[in-house]
Amino acid sequence: MPTPTAPPPTPPDGASAAAASAPSAPKAVNASVSVMRSRPWIAFAFLLPALLLLSALVIYPILYSVFRSTFDASGTSFIGFGNYVEVFTDDDILTAFKNNIIWVIVVPSVCTALGLIFAVLTERVRWGTAFKLIIFMPMAISMLAAGIIFRLVYEQDPQQGVANAVWVGVHDSFTESSAWPGARPRPNSDLAKSGKGDYTTKSAVSASGPANLALVGVPPKEAAGAAPAKTAKPGKAGEVTGTVWLDFAPGGAGKPDVVDKKEKALAGIKVEAVKGGKVVGKAETAKDGTFSLPSKADGAKLRLPASNFAAPYNGIDWLGSTLVTPSIIGSYVWMWAGFAMVLIAAGLAGVPRELLEAARVDGANEWQVFRKITVPVLAPVLGVVVVTLMINVLKIFDLVYIIAPSASQSEANVLALQLYLSSFGAGSNQGIGSAIAVILLLLVLPVMVVNIRRLRREARR
């Protein structure tokens, strides 16, 4: 039979009261909070250098710009909002506003789209890291160097500009170039200008004798490799024959409109026989400059089409008033698409692979996985890229200033460039320049506020 246990001894009433009245253990106090509350001057002393630097480099320039924007060019007369009125009525500044809107809409969209495509595709490429390095490499180049590079790329002369060299090569692959650009008949010769650059004989030709069509205007060095010209023989079956040649001999020897021994043939010239307004025969000159037309050409006039003499295709005027802004935007995208790719690739590395595999198992194809899973998951990262690029392009200055030639700089103008030109260019007016600076600040502030709110939402998660 178990023995009952004795209850614990009850402490006397005095001991109980003493225990109840004993003080509890002190709670841990945050030392840093205690120091901040008791000695705030220590925190202020640590923050003072940063506050002074921030005030000198940020706050003071902003306040002074606002103040200076209310004065005239000399800075002595207060004019209130006069500079702001001029900003919104000046044609050059309004063009800068329009171009900045184009930049803000186009550049972040294109860079983000390209960065997303590159980041997704390089995950499936064996040499993806090397590809990313190549795409990101332009970020290591300064804006000044990139501007100089693309100024050469967009050079109008195909012998110097890469863009036009490629474009002209493609164009000439599908379009036949002229045989002898710049060639023309002698003044008062039988050939006269007709139509749009064509040359037609004044008199009709006959099969009884060769038709000699003399031309000049070809530099001797261009005709140096041509074969000697020969006088055409009469046709055997009523054909009309003739010669087209360069009627010029070194040293001035030879007679006009006569084929001399030292004169060069013009090969590849198209010749048409026109009778009653219709073309009745066509031919092309041989290496010795001779040609032969069918018997129908007897009694017709001979025409040399303008295509024989048209100037060679010289490409596109990339830096002209029409294309200068898209061309500069292209150079900026070349630099910053790599930046977007790296950020998006970092976000893509954090996407759960189980989520993607589950979607594929459920029957989603790659496009559906990309559109409905990858892009929504990467939305915060895409937002970071877009906002960063928007802030950056609002301040774009270097590329426009370096790439745009003086003839088309007004068409490529942006606010940051106009700020510089107004403040330090010809007829400098720092009042207007300060007003543009304040407007730029006001344009950047909403984007910064959106970015800060987004960062706070991310921090709460």
Side-chain angles (χ1 to χ4, degrees), residues 172 175-313:
D172 291 347
T175 304
E176 190 175 358
S177 58
S178 58
W180 298 95
R184 63 185 184 278
R186 286 183 179 277
N188 302 320
S189 69
D190 191 45
L191 282 169
K193 198 168 187 178
S194 61
K196 297 181 179 180
D198 301 337
Y199 292 107
T200 307
T201 56
K202 299 175 184 176
S203 57
V205 295
S206 173
S208 59
N212 292 331
L213 305 178
L215 296 176
V216 294
V218 179
K221 62 179 181 179
E222 293 185 11
K230 292 184 178 180
T231 303
K233 297 179 180 179
K236 297 179 179 179
E239 295 101 340
V240 174
T241 61
T243 305
V244 181
W245 82 103
L246 177 61
D247 194 11
F248 172 82
K255 297 179 181 180
D257 298 322
V258 176
V259 180
D260 297 309
K261 293 181 179 180
K262 294 183 179 180
E263 293 176 342
K264 300 292 185 178
L266 298 181
I269 295 283
K270 295 180 177 63
V271 182
E272 297 176 347
V274 181
K275 186 184 291 185
K278 295 181 180 180
V279 177
V280 295
K282 293 183 179 181
E284 186 172 315
T285 57
K287 289 184 178 180
D288 58 2
T290 60
F291 63 89
S292 176
L293 291 165
S295 58
K296 295 180 182 178
D298 190 12
K301 293 183 177 181
L302 300 185
R303 180 171 66 190
L304 304 180
S307 60
N308 292 313
F309 318 112
Y313 181 67

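Every heavy atom of this structure was used, including side-chain atoms; hydrogens, water molecules and symmetry mates were not. In what follows, residues are counted from 1 in the order of the sequence shown.
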Checklist entry - Where is the tightest heavy-atom contact between Leu293 and Gly281, given as atom of each residue plus distance? => result CD2-C, 3.8 Å
Checklist entry - Between the main-chain N or O of Gly238 and the side-chain N or O of Ser295, is there a donor-acceptor pair closer than 3.5 Å? => result no
Checklist entry - Is it true that a side-chain atom of Thr243 and a backbone atom of Asn212 form a donor plus acceptor pair closer than 3.5 Å? => result no
Checklist outcome for this item: Heavy atoms of Pro312 and Pro181 approach each other most closely as CD-CB, 3.8 Å
Checklist entry - What closest approach, in Å, do Ser292 and Ala283 show between heavy atoms, and which atom pair accounts for it? => result O-CB, 3.5 Å
Checklist entry - Do Pro228 and Lys261 have side chains that get closer than 4.5 Å, going by heavy atoms? => result no
Next on the checklist: Quick test of your reading of the model: are Lys193 and Asp198 salt-bridged, counting only N-O distances below 4.0 Å?
Outcome noted: no
Item to check | By side-chain contact (heavy atoms from CB on, under 4.5 Å) - contacts of Pro187 (at least two apart) | outcome: none
Item to check | Asn308 side chain to Lys270 backbone, donor-acceptor under 3.5 Å | outcome: yes
Checklist outcome for this item: Taken in chain and number order and not counting sequence neighbours, the residues that satisfy salt bridge (charged side-chain N to carboxylate O under 4.0 Å, His left out) with Arg184 are none
Item to check | Distance in Å, Arg186 CZ paired with Phe248 CZ, rounded so as to fall on 0.5 Å steps | outcome: 9.0 Å
Checklist entry - If you look at every heavy atom in Val279 and Arg303, which pair is closest and at what distance? => result CG2-NH2, 3.4 Å
Item to check | Over 12 non-hydrogen atoms of neighbours within 6.0 angstrom of NZ in Lys275 | outcome: yes
Next on the checklist: Walk me through whether Phe291 and Val244 qualify under side chain to side chain contact (heavy atoms under 4.5 Å, CB included).
Outcome noted: CA-CA 8 Å; Phe291 63 89; Val244 181; 4.0 Å; yes
Item to check | Trp180 side chain to Ala267 backbone, donor-acceptor under 3.5 Å | outcome: yes
Next on the checklist: Does anything in residues 202-224 form a salt bridge (charged side-chain N to carboxylate O under 4.0 Å, His left out)? List the pairs, not counting sequence neighbours.
Outcome noted: none
Checklist outcome for this item: Taking every heavy atom of Gly299 against every heavy atom of Ala204, the minimum-distance pair comes out as O-CB, 3.3 Å
Checklist entry - Does Thr241 reach the main-chain N or O of Lys233 with its side chain, forming a donor-acceptor pair under 3.5 Å? => result yes
Next on the checklist: Apply side chain to side chain contact (heavy atoms under 4.5 Å, CB included) to residues Leu304 and Phe309 and explain how you reach the verdict.
Outcome noted: CA-CA 9 Å; Leu304 304 180; Phe309 318 112; 3.8 Å; yes
Item to check | Of all pairs that satisfy side-chain hydrogen bond (donor to acceptor under 3.5 Å, both in side chains), the ones with a partner from residues 277-291, not counting sequence neighbours | outcome: Asp288-Thr290
Next on the checklist: My understanding is that only residues two or more places apart in sequence, or in another chain, count here; which of them pass side-chain contact (heavy atoms from CB on, under 4.5 Å) with Thr201?
Outcome noted: Asp190, Leu191, Leu213, Lys301, Leu302
Checklist entry - When rounded to the nearest 0.5 angstrom, what distance separates OG in Ser178 from OH in Tyr313? => result 14.0 Å
Checklist outcome for this item: In terms of heavy-atom contacts, Leu215 and Pro185 come closest through CD2-N, 3.7 Å
Checklist entry - Looking at residues at least two apart in the chain, or sitting in another chain, which of them share a side-chain contact (heavy atoms from CB on, under 4.5 Å) with Ser206? => result Ser208, Asp298
